[in-house]
Amino acid sequence: MIPILTAIGAMAFLGLLLSIVLGLAAKVFYVYVDPRIEQICDALPGANCGGCGYAGCSDFAEAIVCLGASPDGCVAAGASTTEAVCSIMGLSAGLGERYVARIFCQGDEQKAVQRFDYNGALDCAAAIVSTGGDKACEFGCVGLGTCVRACPFDAMEMGGNRLPLVDQNLCTGCGNCVQACPREIPLLIPISQKTANLCSSHEAGKTVKQVCSIGCIGCSVCKKKCPEGAVDMEDKLAVVNPAHCTGQGVCLEKCPTGSMVSLQSPALEKPEASSAQETA
Amino acid sequence: MEIRSLQTPGSLNSLKQESVRMKAASFQGGLALPVPDKFESQAITTLPAPDRVLLPLLHHPEQAYELQVKKGALIKQGQPVGEGVSSLVLAPISGKVEEINKNFKLPGGALTTAIRIAASDEEFPDEAPPAVPDSGTLQKILGTGLSELSESPVPLFEKLRSIRSKRVRTLIINCLDEFFIQGRSAALASQHTPDLLAGIDLLVQYSGAESAVITVYAESAQALQSLQESGTKCHILPVKAKHPQHAEKLLVTAVTGREYDVDLTPEDLGVSVISAETAYWVSRAVNRREAALDKLLTVAGGSLKEPRNCFVRIGTPLQEVLTHLGQDIADGDKVILGGPLSGQAVSDPDTPVTQQTHLVFIQKKTDLHVFSQDAVCFKCGLCVQICPMRLMPFLISGFSEGGLYDLAEKNSLFTCIECGCCAYVCPVNIPMVQWIQLGKSAIRAQRS
């Protein structure tokens, strides 16, 4: 009986001693961590996409609290997250426009001239380095899906015609696809933009005609006819200014090749038909 | 190690190869070339000059050429149309400058100025065409616009100057061809032996070197025999038929028996590599005052049973060369400038023959190597065993694929000579050379 009591007593004494040590250590080595960091971290989506410019969600949360980063920096989350972050920080949320990626090339297998059959690495940059890409257009989409693989939100997929498709509902505007693309095919534009010239070619009109039937030939008729003056010519390529465009559609009628497109039409959204075909 | 046999004419004569292997010089790694049963090569033919040539002003990537002619101008054959610091671009045919294209795209993607000349026979009835100057020999070489035609083209004038200044003792004459034992240089050695040897003598004389070593594939019996019978003072060194033995670095290793640091040039070791074709043209320029307007070319593969060697006027469209040789390209066939392992495929049949076009290889649709687009390296190590540069290709290509370019560079990315052996032996068909090219270009883009 006595040895058991001795053991219990010894354990109790040891436990008491260690708890005192631990309690003291907690006081002496205390590091203050702002509780808001953890709160913000919980509010953020946690995808660690890096779209905000920081190493991940927790890094961004720390930057908001300690470095005064803008609380609306998270491109992946919607307005509700920004509001949540703002309320934690005691700020009022002034919400900006949501940006989404659009594919600025319509040169699919039928419309763009193909120079040869590509057989090599499945990477647009590698294809450009060693072959220049199988499509004759030097500005167009190479169509090997580097942007699709770069998307952390599953918002992109390759269409059957070798052009990527963006699901406007899932796209958060993180810009990973823009960085991954060796050319400038996916671009971030405001979701409210009504019209866009979905072509990236700065070639002269004659060359564009030779390589693609739907490319912008730089005729600038859209610029001349736009009643709002919303179209600028940038090195032989028409660019729509979203701030001025009201979506009247004059340019759509006048464009001789069809590179000017209304973004309000549902045809450009990720079509349900193609995903249905895949499952079938 | 088992190496898949190459799909080329002739079968492997392993016994013969084994006996040769004992004495021929070589390097570590590399792919054994297929040795054809028959060694007789067809006579070198000269193709007729075309009606139209397209002449890119890019004989040497480092030299900027000043355009000497205007659109619509009448020019004589052999007249300089572009002038660089130490080299010239000569008009391959007499005629009229039809077009000057400032943005001509070469198969590799580089942009340059190109001149299109249409032949016309009325303008120059009596004048002798070649314009090789009479004065000093080095001036003659300068005047003919001769280039050292091996992998890194430099104006011959510059090359000889650097050989002289670095006190090189031995010239290595490269009679080895990419991928083919009976290629153009071997044919030159067996059929134009006197011209070749005279050229080598002249080169030794101008460069101040003491001797020359002619390297020939040990299996190239005709070339070896012709050279030995000629009674030349040059040392004739048979080397083992392996890919990429023709590459300068590995050739120097085979000849000197030394593997040298990547930062060193052959000149630092007291040797310098000059291609057989250069020697041939030097002899023609100096002894016969003829400018090098033709290019010696090997055409192989496709429906041709044996590789054909021919002199083709520089600037001739590839299509015309192939048509002349009775070679048609079916839909899906691949036309490759350079060998099937390390060449550059071209899509435009009007691509002109340039000074750097050594070999036109047609790969039939059925023979195409299909690269895998989603294969994963399982670290079998075949590429490491075969790499002639002693690299770890799976590692550098993997790092490039993942975008870790700095790590690829730390693993000697830039030592790779893109010979293509690794991609050839890869059991899962990873396009390794392409990933390595991507890594190199990405790093160059970061630096510039």
Side-chain angles (χ1 to χ4, degrees), chain A residues 49-50 109 112-140 142-152 157-158 162 164 175-184 201-208 210-212 235-236, chain B residues 101-103 105-111 329-338 342-351 363 365 367-376 397-398 400-403 405 418 420 423 426 429-445:
Chain A
C49 68
E109 275 172 329
V113 174
Q114 211 177 345
R115 294 188 296 150
F116 54 87
D117 298 330
Y118 176 74
N119 163 229
L122 192 66
D123 183 87
C124 300
I128 289 176
V129 166
S130 44
T131 65
D134 57 345
K135 285 181 195 164
C137 178
E138 284 178 31
F139 292 90
V142 182
L144 295 172
T146 296
C147 53
V148 174
R149 287 184 291 280
C151 179
E157 70 172 55
M158 279 316 277
R162 282 188 58 203
N176 279 7
C177 52
V178 180
Q179 280 185 356
C181 182
R183 289 183 174 160
E184 292 172 346
S201 175
H202 292 286
E203 288 280 9
K206 192 182 158 199
T207 319
V208 175
Q210 281 167 1
V211 298
C212 184
D235 190 16
K236 296 172 219 150
Chain B
N101 183 355
K102 297 261 184 204
N103 291 315
K105 203 172 173 195
L106 288 164
L111 285 176
I329 309 165
D331 190 35
D333 289 359
K334 197 169 177 181
V335 180
I336 308 167
L337 296 184
S342 51
Q344 168 83 43
V346 288
S347 58
D348 184 6
D350 288 334
T351 305
Q363 211 166 23
K365 196 179 180 180
D367 294 341
L368 284 186
H369 183 84
V370 179
F371 286 108
S372 165
Q373 296 200 315
D374 52 3
V376 178
S397 101
S400 297
E401 185 178 350
Y405 304 124
E418 297 173 25
C426 180
N429 300 325
I430 296 173
M432 277 194 251
V433 180
Q434 206 187 351
W435 289 123
I436 290 172
Q437 284 170 342
L438 171 69
K440 286 183 181 176
S441 109
I443 290 173
R444 284 197 196 108

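On a predicted model such as this, the values are computed, not experimentally measured, just so you know. Labels below follow one simple rule: chain letters A, B, ... track the order of the sequence lines, proteins then strands, and each chain is numbered from 1. Just so you know, these numbers use all the heavy atoms, side chains as well, and skip hydrogens, waters and symmetry mates.
In this structure, the separation between SG on A:C124 and CG on B:L438 is 11.0 Å, given to the nearest 0.5 Å. Distance check, rounded to the nearest 0.5 Å: CG of A:D123 to CD of B:Q373 gives 10.5 Å. Rounded to the nearest 0.5 angstrom, B:N103 CG and A:T207 OG1 are separated by 9.0 Å.
The two residues A:G120 and B:F371 make their nearest non-hydrogen contact at CA-CB, 4.2 Å.
In this structure, the portion of B:K105 lying under 4.5 Å from any heavy atom of chain A is its side chain and not its backbone.
Counting heavy-atom pairs closer than 4.5 Å to chain A, the top residue among B:P431, B:A345, B:S347 is B:S347.
B:V370 has its side chain within reach of A:N119: a pair of non-hydrogen atoms, C-beta onward, lies under 4.5 Å apart.
Counting heavy atoms of neighbouring residues, nucleotides and ligands inside a 6.0 Å radius, atom CD of A:E184 does not exceed 12 of them. Within 6.0 Å of the CG atom in A:D117, the count of heavy atoms belonging to other residues, nucleotides or ligands does not exceed 12.
Panel note: side chain B:Q434, backbone A:A121; a donor-acceptor pair is recorded below 3.5 Å. For B:Q344 (side chain) and A:T131 (main-chain N/O), no donor-acceptor pair under 3.5 Å exists by modelled atom type.
A:K236 pairs by the salt bridge (Lys or Arg N to Asp or Glu O under 4.0 Å) definition with nothing, not counting sequence neighbours.
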(message) One pair to check against side-chain contact (heavy atoms from CB on, under 4.5 Å): B:D374 and A:L122. What are the steps and the verdict?
(response) CA-CA 8 Å; B:D374 52 3; A:L122 192 66; 5.8 Å; no
